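Residue numbers start at 1 and run along the sequence shown. Order of appearance sets the numbers: ligands from 1, and atoms from 1 within every ligand. Predicted model, so just to flag it, every value in this text is computed and none were measured.
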Amino acid sequence: MITLVKNIQTLVNVRENHSLLRGKALSELPCIQDAYLLIENDIILNYGKMEDLENNQSVSPNNIIDATHQHVLPTWCDSHTHLVFAGSRENEFVDKIKGLTYTEIAANGGGILHSAEKVNNASVEELFESAWKRLQEIIQHGTGAVEIKSGYGLSVDAEIKMLRVIKLLKEKSPIPIKSTFLAAHTFPLIYKDNHQGYIDLIIQQMLPIIEKEKLADYVDVFCENGFFSVNEMEQICNAAIRMGLKPKLHVNQIHSIGALQKAISLDALSVDHLETMTEKDIDDLANSNTIGTLLPSAAFFLRMQYQPARAIVDAGAAIALASDYNPGSSPSGNMNFVISLACIQMKLLPEEAINAATLNAAYAMGMDHQLGSISVGKKANLIFTKKIPSLAYFPYSFGSNLIEKVMISGEIF
Ligand code: NIG
Ligand code: FE
């Protein structure tokens with residue numbers, strides 16, 4: 001099946017050779033005006049200017065889509081979510097409005113522990129069904145690849161159950177999924193005073209099952225005061241690295257405690273959150289190969305300071321944007337809102353935000369060969385916008401749905 005998309009007003013993020021974008025390069029977003037795009041089954045076959053279509057068209061399409069007045073972009077890659085969960089936490093949301101802090105709620109057995117109780121009581125089918133609905137919703141909002149973490153199980157059975165649900169989602173999902181093992185999300189109450197006991201459980205009981213059933217692509221740890229220390233993170237990561245799981249880590253959300261430096265020395269693919277960054281943290285990140293994944297909707301929802309994106313980019317670090325979709329700190333997986341927030345509150349240029357949510361985000365989940373740009377041989381996962389006056393209108397007009405349709409694997413979703 002050959003699909004021709006013709007009369008595209010602007011074809012966005014067109015690249016043949018690419019690498020991770022940092023510094024000035026993040027603001028360069030290559031586009032073709034008045035373009036065509038040829039797709040063979042689920043793969044981008046060719047593209048160019050409409051005026052060159054006749055010369056270059058050696059194949060005759062059996063499907064033609066007219067994209068007059070539309071911008072066509074690669075779909076968003078959401079490289080950090082927790083979208084398998086049970087129940088919701090709007091009661092804590094109200095408690096926070098009344099004055100409790102995130103840490104106080106967690107200390108009272110709320111927060112992650114509250115979600116863990118619900119996940120422990122939920123069946124695989126229930127978890128799958130609710131996650132499936134969230135997955136359908138984020139695809140409609142333009143997400144074409146997603147990373148999903150465990151971390152609301154916190155017991156051998158429930159962590160493995162979550163990972164099996166993610167594996168099932170991978171098998172059935174129209175979009176690619178990466179799976180991350182996050183048993184080190186918080187200490188279960190019974191291990192509150194026996195941290196080593198829980199770490200041993202992770203290393204000696206959970207990791208061998210994960211290795212045997214190939215249940216994860218990455219390992220994650222929430223490294224933060226009151227959660228996992230830098231040394232505890234290192235122990236868990238070293239064990240996971242030995243079985244081939246690269247770290248993607250929650251660091252510098254509330255405190256700067258040396259987690260970022262340790263993550264870099266562990267060759268982490270990404271360090272995520274980064275609300276709290278010292279100048280040294282920014283420099284160290286800029287001088288590393290690790291990607292900084294910024295989660296502005298979590299800062300928004302928790303009323304925290306936003307990630308210092310401008311300083312991080314200007315120092316030369318590579319950044320990605322992700323939704324952090326989860327019931328506690330970002331109950332939304334809408335990447336369009338994330339991109340608007342990045343521009344409005346963190347002063348990223350629209351071009352920078354789009355690059356950070358597509359190409360760099362694809363790198364941050366190991367999918368840069370298949371997704372993140374309009375390139376020959378990549379997957380035809382595309383966003384078709386409604387008629388908009390310019391690309392900057394997309395983040396500017398926050399809260400409006402400006403997506404006309406989404407294409408996944410060459411087919412309209
Ligand atoms: O990425 N910070 C750690 N974990 C999640 C929130 C988890 C929760 O509150 O349920 C996050 O923000
Ligand atoms: Fe998270």
Inset, instruction - Decide whether the shortest distance between a heavy atom of Glu224 and an atom of ligand 1 is less than 4.0 Å. - result: no
Legend entry - Derivation and outcome, side chain to side chain contact (heavy atoms under 4.5 Å, CB included), residues Lys96 and Phe301: CA-CA 10 Å; Lys96 270 185 246 133; Phe301 188 79; 3.8 Å; yes
Inset, instruction - Could you verify whether a donor N or O on one side chain and an acceptor N or O on the other, from Ser256 and Asp281, lie under 3.5 Å apart? - result: yes
Inset, instruction - Look at atom 6 (C) of ligand 1 and say which protein heavy atom is nearest, naming residue and atom and giving the distance to 0.1 Å. - result: Tyr102 OH, 3.2 Å
Legend entry - Cation-pi check, Lys192 onto Phe187 ring (under 6.0 Å, within 45° of axis): no
Legend entry - Name of whichever N/O/S atom of Asp324 is nearest to the Fe ion (ligand 2): OD1
Inset, instruction - Could you tell me which atoms of ligand 1, counted from 1 in the order shown, lie closer than 4.0 angstrom to a heavy atom of His185? - result: 3 (C), 4 (N), 5 (C), 7 (C)
Legend entry - Test item: Asn46 side-chain N/O and Leu38 main-chain N/O as donor-acceptor pair under 3.5 Å: no
Legend entry - Of Phe228, Phe227, Tyr152, the residue whose pairing with Phe222 passes ring pair (Phe, Tyr, Trp, His ring centres under 6.0 Å): Phe227
Inset, instruction - Give the C-alpha distance, both sets of side-chain angles, the deciding distance and a yes or no for side chain to side chain contact (heavy atoms under 4.5 Å, CB included) between Leu154 and His185. - result: CA-CA 8 Å; Leu154 310 181; His185 202 183; 4.2 Å; yes
Legend entry - Heteroatom test (N, O or S) for Asp220 near the Fe ion (ligand 2), limit 2.8 Å: no
Legend entry - Heavy atom of the protein closest to atom 12 (O) of ligand 1 (residue, atom name, distance): Ser329 OG, 2.5 Å
Inset, instruction - Check each atom of ligand 1 against the heavy atoms of Tyr152 and keep those under 4.0 Å away; list them by number with element. - result: 7 (C), 8 (C), 10 (O)
Legend entry - Test of proximity, His250 against ligand 1: N or O pairs below 3.5 Å: yes
Legend entry - Lys167 side chain to Ser179 side chain, donor-acceptor N/O pair below 3.5 angstrom: no
Legend entry - Numbered atoms of ligand 1 (with element) below 4.0 Å of Asp324, judged on heavy atoms: 1 (O), 11 (C), 12 (O)
Inset, instruction - Using side chain to side chain contact (heavy atoms under 4.5 Å, CB included) as the criterion, point out the one residue from Ile319, Ile339, Leu26 that pairs with Glu352. - result: Leu26
Inset, instruction - Decide, counting backbone as well as side-chain atoms, whether His80 has an N, O or S atom less than 2.8 Å from the Fe ion (ligand 2). - result: yes
Legend entry - Residue Gly328 vicinity, atoms of ligand 1 by number, heavy atom under 4.0 Å: 8 (C), 9 (O), 10 (O)
Legend entry - Protein heavy atom at shortest distance from atom 2 (N) of ligand 1: Gln253 OE1, 2.8 Å
